[in-house]
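What follows is a single structure, written as structure tokens, with notes after it.
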Amino acid sequence: MKLEKVTEGSKRRYEDACGTALALEFLGERWALLIVRELLLGPRRFGEIRTGLPGLSANVLTQRLAGLEADGIVVREKLPPPASVQVYALTPWGYEAEPLVLAMGRWALRSPRHDPTQPFSRVSLMLALRMLLLPGKAAGWAGRIGFRLGEERYLATVADGALGIERGTLAGAEAVFVGEPNDFLPVLFGTMPLAAALSEGRFGLEGDAARAAAFADLFLLPPKIAA
């Protein structure tokens with residue numbers, strides 16, 4: 001039997017009319033879907049994408065971005081002065097992949113193999129908020145909670161049972177979580193009360209602690225499948 005030769009620069013072709021097969025041709029290469037994930041909250045520089053995906057080499061990132069750009073999923077842009085730097089952004093069609101990314105993530109979280117101690121990017125944390133929001137609880141709550149993650153700022157706004165994320169601002173935040181993504185997981189995944197996490201010094205909190213605790217109560221991991 002002749003084996004198929006697969007190189008780093010090759011791209012899988014399934015020769016299948018199913019849309020799922022075509023989606024895998026676009027996003028099935030290693031790292032491609034995670035690159036899209038890192039761009040879902042707005043344009044990022046090459047180095048910012050690598051920071052969010054520390055296991056990804058510069059060479060492979062360059063290849064994947066070129067492929068995503070050729071397929072109409074990613075576009076290169078130049079920020080206006082004074083930044084004047086090149087960034088990568090999703091096209092409008094690229095942004096339509098968000099429900100796919102969130103659905104896959106929520107589905108996989110049900111596996112006993114999920115390990116929350118593994119590295120977790122800042123964008124992943126913000127997307128996890130959207131993924132794990134409990135609609136019933138969110139319908140009766142409204143507010144703005146900020147996150148200061150290193151040099152990055154995010155604002156989560158809950159209103160009308162939905163959650164929006166803005167990058168680069170803390171304007172109007174009633175409380176601000178300060179730390180890195182993995183620090184917050186026990187609280188936001190519903191496995192540790194906020195007060196207990198703060199007493200352990202897992203992360204910092206500025207502003208109204210009661211509002212922060214109420215916000216953290218809006219999220220919960222999906223149940224695990226039977227092992």
Side-chain angles (χ1 to χ4, degrees), residues 34-54 74-92 94-99 101-102 105 119-135 137-189 194 197-198 202-219:
L34 295 184
I35 292 169
V36 170
R37 180 197 74 189
E38 289 299 303
L39 297 176
L40 281 173
L41 296 183
R44 300 188 81 86
R45 292 174 290 179
F46 187 93
E48 290 176 325
I49 299 173
R50 283 202 68 195
T51 297
L53 300 169
V74 166
V75 64
R76 277 178 287 183
E77 299 177 344
K78 190 170 183 179
L79 295 180
S84 298
V85 297
Q86 179 177 279
V87 294
Y88 294 88
L90 293 175
T91 62
Y95 276 111
E96 290 180 23
E98 180 175 343
V101 175
L102 298 186
F120 200 62
S121 81
R122 294 161 180 174
V123 171
S124 293
L125 174 64
M126 295 297 104
L127 293 177
L129 297 180
R130 288 182 178 173
M131 185 193 312
L132 302 177
L133 184 71
L134 297 170
K137 286 191 174 183
W141 197 89
R144 291 185 173 186
I145 302 295
F147 289 82
R148 184 179 297 118
L149 311 175
E151 72 282 2
E152 296 187 34
R153 309 287 185 269
Y154 294 91
L155 183 68
T157 301
V158 179
D160 300 322
L163 186 147
I165 302 289
E166 294 178 73
R167 195 175 81 197
T169 181
L170 295 175
E174 300 163 76
V176 178
F177 289 85
V178 182
E180 288 295 347
N182 287 77
D183 302 334
F184 307 119
L185 296 190
V187 170
L188 297 177
F189 281 1
L194 175 63
L198 292 174
R202 295 185 65 94
F203 53 81
L205 181 69
E206 301 171 356
D208 190 329
R211 292 292 284 168
F215 174 80
D217 194 44
L218 300 178
F219 310 93

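For this chain, numbers begin at 1 and follow the sequence in order.
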What one should report as the nearest heavy-atom pair of A97 and V36 is CB-CG1, 4.3 Å
**Study point:** Side-chain heavy atoms of D183 within contact of E180, under 4.5 Å
**Key:** yes
Worksheet entry | Pairwise side-chain contact, L163 with F215, heavy-atom cut-off 4.5 Å (strictly under) | yes
- Query: Do L134 and L218 touch side chain to side chain, with heavy atoms closer than 4.5 Å?
  - Reply: no
Inset, instruction - Report yes if the side chains of L125 and L188 come closer than 4.5 Å at any heavy-atom pair, otherwise no. - result: yes
ask   = Would a 4.5 Å heavy-atom cut-off, applied to side chains only, mark L155 and I165 as touching?
value = no
Taking every heavy atom of A197 against every heavy atom of V187, the minimum-distance pair comes out as CB-CG2, 3.4 Å
Contacts satisfying salt bridge (Lys or Arg N to Asp or Glu O under 4.0 Å) that involve residues 78-91 (not counting sequence neighbours) are none
| said: Working note: Y88 + V75, criterion side chain to side chain contact (heavy atoms under 4.5 Å, CB included); need CA distance, chi angles, decisive distance, verdict. | reply: CA-CA 6 Å; Y88 294 88; V75 64; over 6 Å; no
With sequence neighbours left out, the residues meeting ring-ring contact (aromatic ring centres under 6.0 Å, His included) with F203 are F177, F184
*How far apart are the C-alpha atoms of L127 and L41, what are their side-chain angles, what is the distance that settles it, and do they pass the side chain to side chain contact (heavy atoms under 4.5 Å, CB included) test?*
CA-CA 8 Å; L127 293 177; L41 296 183; 4.2 Å; yes
Between M126 and L149, the two heavy atoms sitting closest are CE-CD1, 4.3 Å
The complete set of salt bridge (Lys or Arg N to Asp or Glu O under 4.0 Å) pairs with one or both residues in residues 162-179, sequence neighbours excluded, reads E174-R211
Residues passing the side-chain hydrogen bond (donor to acceptor under 3.5 Å, both in side chains) test with E77, sequence neighbours excluded, are none
Hits for side-chain hydrogen bond (donor to acceptor under 3.5 Å, both in side chains) against E152, two or more places apart or cross-chain, chain-then-number order -> R44, R122, Y154
Across all chains, not counting sequence neighbours, the side-chain contact (heavy atoms from CB on, under 4.5 Å) partners of L53 are W31, L34, I35, R37, E38, I49, L56
For L205 and A175 the tightest heavy-atom approach is CD1-CB, 4.3 Å
Shortest non-hydrogen pair, A173 vs G146, comes out as CB-N, 3.7 Å
